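First up is the structure itself, then whatever we jot down about it.
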Amino acid sequence: MTRDKALSLSIRGLSYALLDRSKTMRPILDNVDLNVREGEFVSVVGPSGCGKSTLLNFISNLLPVQSGELEVLGAPVRSFNTKVGYVFQQHALLPWRSVIENTELGLEVKGESRDERRARCRDVLAQMGLAGFEDHYPSEISGGMRQRVSLARTLVAEPEFILMDEPFGALDAQTKVLIQEIFLQYWERHRRSVLFVTHDLGEAISLSDRVVVMSARPGRIIADHVIDLPRPRNGEKLRSDPRFIEYHDLLWSALRDEAANAMQVAQ
Amino acid sequence: MNAASRSNDAAVIRISQFVTLIGFIILWEVSARLGLSNVTWTSSPFRIAAEFWESLTSGELPRHLGVTLSEAVAGLALGAVVGILLGMVLGVSRLVGAIIEPFIMALNCLPRVALGPLIVMYLGIGFASKFALAFSLVVVPMMINVFEGIRSTDPVLVNLLRTVGASRMQTFFKLLLPNCIPWIFSALRVSISFAMIGAIVGEFISARAGIGYMIDTAAGAFDVTAMLMPLIVLMLVTFTFDRLFVMLRNRMLHWRPADQR
């Protein structure tokens with residue numbers, strides 16, 4: 001692997017097992033190796049239950065490492081790193097806080113002054129297409145808007161490395177496409193390192209520089225493809241591009257047996 | 001549903017409530033006057049109003065009401081503060097919470113008004129015993145609600161606070177505490193009437209003043225009118241407290257959709 005740029009993430013031989021109901025150790029992750037270079041957008045796709053989200057929990061320090069090596073932004077993970085942003089699958093907004101109060105949560109915890117953080121939040125909210133909704137409460141806005149607030153909350157802290165756990169998974173198809181566009185534009189301007197977990201292959205290809213495929217549980221990396229499509233990208237046009245379809249076929253052939261396996265395990 | 005038909009509904013509700021109330025009072029009065037009901041047993045609105053006026057102007061009612069309210073409000077205030085603090089300690093400290101949980105639940109299963117005679121024995125027949133009884137009725141449900149409110153915190157939100165680097169203190173003040181505010185409000189609301197029950201039951205057992213004392217004395221004299229009058233006054237006062245409380249709550253919980261407050 002070339003090391004022309006610093007690594008935002010370096011995982012070596014990460015394994016993880018949990019005691020299941022019958023008190024036997026069940027492996028969740030099996031010897032995972034994964035690098036994310038600085039400024040690189042990497043997606044992890046895999047069947048449900050393969051441990052994709054668990055992977056993010058290790059990187060963010062929500063779970064302690066059992067075995068293997070893990071370095072984030074050049075250092076082992078020992079505490080919560082505010083340079084690492086985490087966008088959850090659920091929007092995770094605090095219902096008693098308005099849109100802007102939710103957005104400023106991270107800055108507030110860091111102790112940034114109110115005026116400063118409000119100005120930065122307004123700016124990012126506007127980029128997410130939420131200007132004019134600053135004082136609304138989460139219960140007053142749509143699901144797509146909530147997820148954009150959640151994005152804004154992570155982005156406004158200017159993390160160097162962003163973890164995203166199926167952030168658009170719960171949205172309807174049209175909303176999903178629109179939010180992907182908004183996020184893609186933002187990302188292409190700022191180029192932060194991203195590790196993006198999804199089970200949507202099309203989403204992974206249209207956003208990423210690289211797509212990694214994980215096996216059914218226990219999760220292993222079974223394929224790793226660079227997505228060599230020009231940027232800036234347009235999600236909609238991209239989907240009819242023959243190279244997009246080629247990548248899709250390539251990744252799907254790696255994924256389909258695993259998805260079938262996962263279904264059998266679930267049954 | 002559009003705004004016009006909703007305000008139309010509201011008007012229908014208000015008018016129906018008003019008609020029901022007036023209808024009930026008229027029916028009661030008329031049946032008493034026509035001799036359909038025996039005023040010795042069921043009194044009449046007019047008699048109760050006259051009794052009310054007499055007691056009000058003589059200063060009897062204000063004095064007794066003041067005694068009962070001070071017992072109930074003091075018990076409510078201290079019970080709420082102590083209950084909230086205990087609930088928080090139990091909710092935040094997983095170990096202490098786990099150890100004490102069955103004791104709290106057992107305490108909750110105890111019919112606490114039955115503690116009345118014991119409390120009066122310990123604390124005498126004055127203010128202290130009624131205050132203590134009101135306190136004991138309020139503190140347990142407050143504690144349980146706050147405890148549940150803290151434990152019900154969405155784990156995703158706890159993870160969120162951790163990932164943005166919040167300290168335990170910050171997590172408490174920015175997440176756990178605001179999360180249990182709706183629980184505190186619903187516990188406070190039931191506690192208003194619990195505190196009144198505590199004060200009244202205490203007065204029934206033994207007292208020299210208070211609404212409970214008034215009712216008990218009137219019962220001794222077989223005077224239904226004098227029993228019903230303080231009862232209705234207490235009901236109206238407690239009802240007013242409840243309405244004021246709901247208004248306050250709706251202001252504080254404006255971030256919740258109206259049907260979830």
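First the proteins, then the strands, lettered A, B, ... as listed; each starts at 1. Bear in mind that the values here come from a model prediction, so they are computed numbers and not experimental data. For the numbers below, each heavy atom of this structure counts, side chains included, while hydrogens, waters and symmetry mates do not.
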_Would Arg151(B) and Phe147(B) count as a cation-pi pair here, with the cationic atom under 6.0 angstrom from the ring centre and within 45° of the axis?_
yes
*Pick from Pro95(A), Ser98(A), Ser60(A): which one has the most heavy-atom pairs with chain B under 4.5 Å?*
Pro95(A)
_Any salt bridge linking Glu104(A) with Arg118(A)? Criterion: basic side-chain nitrogen under 4.0 Å from a carboxylate oxygen._
yes
*Sort Leu157(B) into side chain, backbone, both or neither according to what part of it lies under 4.5 angstrom from a heavy atom of chain A.*
side chain
*Could Arg12(A) and Glu71(A) be called an ion pair, given the rule that one side-chain N must be under 4.0 Å from one carboxylate O?*
no
*In terms of heavy-atom proximity below 4.5 Å to chain A, should Asp154(B) be classed as side chain, backbone, both, or neither?*
neither
*Does the ring center of Tyr86(A) lie less than 6.0 Å from the ring center of Phe88(A)?*
yes
*Any residue of residues 162-175 of chain B which, by heavy atoms, sits under 4.5 Å from chain A*: Arg162(B), Thr163(B), Val164(B), Gly165(B), Ala166(B), Gln170(B), Lys174(B), Leu175(B)
*Would you call Arg97(A) and Glu108(A) a salt bridge, using N to O less than 4.0 angstrom?*
yes
*So how far is it from Leu9(A) CG to Arg37(A) CZ, rounded to the nearest 0.5 Å?*
12.5 Å
*Look at the side chain of Ser193(A) and the backbone N and O of Ser8(A), then say whether any donor-acceptor pair between them is shorter than 3.5 Å.*
no
*Count the heavy-atom pairs under 4.5 Å between each of Ala157(A), Ser139(A), Gly106(A), Pro159(A) and chain B, then report the option with the highest count.*
Ser139(A)
*Parallel under 30°, tilted from 30 to 60°, perpendicular over 60°: which one fits the rings of Trp187(A) and Phe41(A)?*
perpendicular
*Which bit of Leu93(A) is near chain B, if near means a heavy-atom gap under 4.5 Å: side chain, backbone, both or neither?*
backbone
